[in-house]
Amino acid sequence: MISIDALRDAILSQNPTDEQKDAIFADELEFLLRAAPGSGKTWTSSRRFIWRGANWPYSSGGLALLSFTNAAIREFKEATITLGRSDILSDPNYVGTFDAFVERFILTPFGHLITGDSQRPKFFLAPRPGDWKNNKLLTYTKMKGNRTIPVPAWETIPFPQDNTVAYKASSTFGGQELNGGSAVMNLMLLGFYTHSQRVFWACHLLFKRPHIVKVIARRFPEIIIDEAQDTNAWLLILLDLLREKGAKITLVGDPDQCIYEFSMADATSLPSLRDKWNIPEKPLSQSFRCNNQIASAVKMIGGNDAFCGYGDGGHEYHRAYIIRESSKQFSDSIRGFQSIVEQGNLDIASAAIICRAHGQLESVRGEVKYSKLKGKTKILAKAAFLRDCRYDYEQAYKLVEAIIREMAPNNDFWERMDENPDSENSKATRLAIWQYVKSPKGLPAVSQHGGVWIQDLRRGLTDLMQIIGIGGDIKIGKWIKKTGLDDAQMNSPLFAEQNKFPSVRQDTIHQVKGESIDAVLAVGSLKFWNSVVKAIDNDESTENRRIAYVAMTRARHLLVVALPSGHFDKHLNKWEEWGFKLLPYNNPATFWKDVS
């Protein structure tokens, strides 16, 4: 085992900045490490964990290092092993995701106490046929047009509001507030909870039984939270409970990169906890990702005046640009982006077009023509799109399985499958559906013409029903119709892919969070960019402003921001004042003369 002095030397040999050294070797057991984009916060968190673990002063208990992604957890573990202290990864210490921590140390040993059952509750995978008929699991809400629909307990989200618990429907069911407490409780009485209910139930349990909080706080007298800006409201309550019982908590994150409001993350949480807990704030201001030119321009988009780059860009075109966009498919910006990537001696394979929303992503990738389909046919077309264009096989599978279940709702086949998920029949069914979703020979490709796609869809579903043994009298034609497609759409692809632009990675901003990308084209709507400028003018930390900041700070060498013409014409001066240069590809004759 490496000695303490040798460990310090090994960490220092990796050339940490003064700010990183201050965080790693700090005497304080609690602080907020405000880490700018690309400043090495995960690197620093892992070294802090190793240093504290190697200098553990307690006679019992261990150190916990928690984050939100398995990628970060792997980085923590690899760093610990590389520095010769793999022993710190073993009990009593813990390195893992927040969800895994709640499962292992709260719900697994104590979850049965919530209802007084002898069995611990389980994660809810999918509704059984009988669940939709169980009125105790349903809450009713009104949608647009004053239409009343049932919201099931598994689509109900608890959230804290004014020192009490409130409930809302998931986005799938409109997101409205509900009187959903009894439905969620009845789901728990059946022995189940969902992902959005997991930490709520943990907090509920700990409030009712504070002695358990004391046990966990003794088990982990020190806790380090990586990416703390993504901590949602229930997790913050959980941390507050542990701290009240003696746990010392270090928060590592950046409020300017909090972009998960949809999952109840709150950008004000870190500074609020800092003030509530009266803990110091330490900075990590220097980016190892962005060059000086990009960092200087993007600094105004965020709220961290100390944010700085690693040094000057290695080429005159390695900087931040804006371009005027007049096309709904962002063709001006994509052409300009391709050209300046080439001129800046960058590899287009290491570049990315990142979009604020899926609407812009679809516009970049092509033209959607299946949106006028109806009912289950439209949902299956969306599943094909997710597989073919977003490579989201998991979500495509979920949509397809849900549709198949609805086509045969009275078949006790599903109840047997859900009651015995590990049986050979259940595994064979899931495998058959997966193979159907995975292959265009099963679920037809969204690039097919509408008429052919409908025919192939009916054929493939009929075959799948027979394979899994629920075909029977199900009339596929009753469910799968061409309703909504006109003659032109029947004879053209459901999704017309854009082929005239370079093959370059295309993703949403949320999908690339945490990444470093050589060249970035940031795409958003007129409304989005207007809201960003308004937030900067009013000195407000809005979600759209933070999303724009995350998008722009992915760029290592080159950043191009595509501004719709209506926004560009009104706000050009502001962008130039912030340090963005004009990329006037709209006028090719003067493009390279003016671009630098």
Side-chain angles (χ1 to χ4, degrees), residues 1-17 19-33 35 39-110 212-228 231 235 238-239 242-243 245-253 282 284 514:
M1 182 188 303
I2 188 172
S3 69
I4 297 299
D5 289 340
L7 176 61
R8 177 187 286 272
D9 291 340
I11 294 174
L12 292 175
S13 71
Q14 297 175 325
N15 298 317
T17 66
E19 290 178 340
Q20 288 176 323
K21 284 186 274 188
D22 185 38
I24 294 168
F25 302 118
D27 292 329
E28 298 98 330
L29 300 184
E30 295 185 299
F31 53 87
L32 165 59
L33 183 62
S39 61
K41 57 178 172 290
T42 301
W43 186 94
T44 306
S45 297
S46 62
R47 272 68 185 173
R48 173 65 176 175
F49 166 77
I50 296 166
W51 184 250
R52 286 302 303 157
N55 290 275
W56 195 241
Y58 306 93
S59 58
S60 63
L63 174 63
L65 174 57
L66 309 179
S67 191
F68 292 87
T69 66
N70 289 321
I73 299 305
R74 285 194 296 271
E75 185 174 340
F76 294 147
K77 292 181 177 180
E78 289 170 2
T80 308
I81 293 169
T82 299
L83 284 172
R85 291 305 305 255
S86 58
D87 59 296
I88 299 176
L89 297 174
S90 304
D91 283 338
N93 300 325
Y94 179 78
V95 179
T97 64
F98 229 132
D99 284 339
F101 178 85
V102 170
E103 288 279 355
R104 177 172 173 179
F105 297 105
I106 302 176
L107 292 182
T108 294
F110 306 115
I212 297 177
V213 188
K214 188 179 294 185
V215 169
I216 298 172
R218 284 202 304 266
R219 175 69 174 80
F220 295 105
E222 291 186 29
I223 303 173
I224 301 171
I225 308 297
D226 183 54
E227 299 286 2
T231 308
L235 292 175
L238 176 59
L239 291 176
L242 291 172
R243 190 175 182 276
K245 297 301 182 182
K248 302 296 184 182
I249 299 175
T250 296
L251 304 169
V252 183
K282 295 178 181 290
L284 281 186

Enquirer: Got a sec, which residues hit ring pair (Phe, Tyr, Trp, His ring centres under 6.0 Å) with W51, two or more places apart in sequence or on another chain?
Expert: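 W51 satisfies ring pair (Phe, Tyr, Trp, His ring centres under 6.0 Å) with F25 only.
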Enquirer: Using atom types as modelled and distance alone, determine if a side-chain donor or acceptor of T44 lies under 3.5 Å from a backbone N or O of I24.
Expert: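 No.
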Enquirer: Would you name the heavy atoms of G40 and Q20 that are closest together and state the gap between them?
Expert: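 Of all heavy-atom pairs spanning G40 and Q20, the closest is O-NE2, 4.0 Å.
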Enquirer: Enter the distance from L32:CG to K282:NZ here, rounded to the nearest 0.5 Å.
Expert: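 NZ of K282 is found 11.0 Å from CG of L32.
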Enquirer: Pairs in or reaching into residues 214-223: which pass salt bridge (charged side-chain N to carboxylate O under 4.0 Å, His left out), with residues at least two apart or in two chains?
Expert: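 Non-adjacent pairs meeting salt bridge (charged side-chain N to carboxylate O under 4.0 Å, His left out): R52-E222, D91-R219.
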Enquirer: Any sub-3.5 Å donor-acceptor pair from N93's side-chain atoms to L63's backbone N or O?
Expert: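 Yes, N93 side chain to L63 backbone: donor-acceptor pair under 3.5 Å.
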Enquirer: Quick one, F68 with L235, criterion side-chain contact (heavy atoms from CB on, under 4.5 Å). Give me CA distance, side-chain angles, the key distance, then yes/no.
Expert: CA-CA 11 Å; F68 292 87; L235 292 175; 3.6 Å; yes
Enquirer: Assign the ring pair F101 / F98 to parallel, tilted or perpendicular, where the plane angle (0 to 90°) is split at 30° and 60°.
Expert: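 Perpendicular.
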Enquirer: If you take all heavy atoms of P16 and K21, which pair is closest and at what distance?
Expert: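 Of all heavy-atom pairs spanning P16 and K21, the closest is CG-CG, 3.5 Å.
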Enquirer: Rounded to the nearest 0.5 Å, what's the gap from CD1 on I88 to OG on S86? Could you check?
Expert: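 Atom-to-atom, I88:CD1 and S86:OG are 8.5 Å apart.
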Enquirer: Quick one, T80 and S46 - any side-chain contact, counting heavy atoms below 4.5 Å?
Expert: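 In short, these two side chains do not touch, never coming nearer than 4.5 Å.
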Enquirer: Run the side-chain contact (heavy atoms from CB on, under 4.5 Å) check on L251 and L33 step by step: do they pass?
Expert: CA-CA 6 Å; L251 304 169; L33 183 62; over 6 Å; no
Enquirer: Could you state the interatomic distance from CZ (R85) to CD1 (I50), rounded to the nearest 0.5 Å?
Expert: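 Result: 9.5 Å between the selected atoms.
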Enquirer: Is the backbone N or O of T250 less than 3.5 Å from a side-chain atom of E28, with the two atoms forming a donor-acceptor pair by type?
Expert: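 No; judged by distance alone, with no hydrogens or angles, the pair does not exist.
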Enquirer: Taking all non-hydrogen atoms of both residues into account, name the closest pair between I2 and G84 and its distance.
Expert: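 Answer, listing the atom of I2 first, then G84: CG2-O, 3.6 Å.
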Enquirer: Starting at CD1 of I224, measure out to CZ of F49 and round the result to the nearest 0.5 Å.
Expert: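 One finds 7.5 Å between CD1 of I224 and CZ of F49.
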Enquirer: State, to 0.1 Å, how close W56 and G61 come at their nearest heavy-atom pair, and which atoms those are.
Expert: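 Scanning both residues, the minimum pair turns out to be NE1-O, 3.1 Å.
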Enquirer: How many angstroms lie between NZ in K77 and CG in N70, if you round to the nearest 0.5 Å?
Expert: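 Those atoms lie 8.5 Å apart.
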Enquirer: Report the distance from atom CD of E30 to atom CD1 of I223, rounding to the nearest 0.5 Å.
Expert: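 So the CD of E30 and the CD1 of I223 are separated by 10.0 Å.
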Enquirer: Report yes if the side chains of L89 and I81 come closer than 4.5 Å at any heavy-atom pair, otherwise no.
Expert: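 Yes, their side chains come closer than 4.5 Å.
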Enquirer: List the steps, then state whether side-chain contact (heavy atoms from CB on, under 4.5 Å) holds for Y94 with L66.
Expert: CA-CA 8 Å; Y94 179 78; L66 309 179; 3.8 Å; yes
Enquirer: When you measure from the side chain of T108 to the backbone N and O of E103, does any donor-acceptor pair fall under 3.5 Å?
Expert: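 At least one qualifying donor-acceptor pair exists.
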Enquirer: Which pair of heavy atoms, one from I106 and one from P109, lies closest together, and at what distance?
Expert: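 Shortest heavy-atom contact: O-CD, 3.5 Å.
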Enquirer: For A72 and D226, work out which heavy atoms get closest and say how close.
Expert: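 What the structure gives for the nearest pair is CB-OD2, 4.2 Å.
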Enquirer: With the side chain counted from C-beta on, respond yes when V213 and L242 share a heavy-atom pair under 4.5 Å apart, and no when they do not.
Expert: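 Side chain of V213 against side chain of L242, heavy atoms only: contact under 4.5 Å found.
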Enquirer: Side chains of R47 and Q14: is there a donor and an acceptor less than 3.5 Å apart?
Expert: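 The criterion, which ignores hydrogens and geometry beyond distance, is satisfied for Q14 and R47.
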Enquirer: State which residues pass salt bridge (Lys or Arg N to Asp or Glu O under 4.0 Å) with D9; sequence neighbours excluded, sorted by chain then number.
Expert: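 For D9, no residue satisfies salt bridge (Lys or Arg N to Asp or Glu O under 4.0 Å) once neighbours in sequence are set aside.
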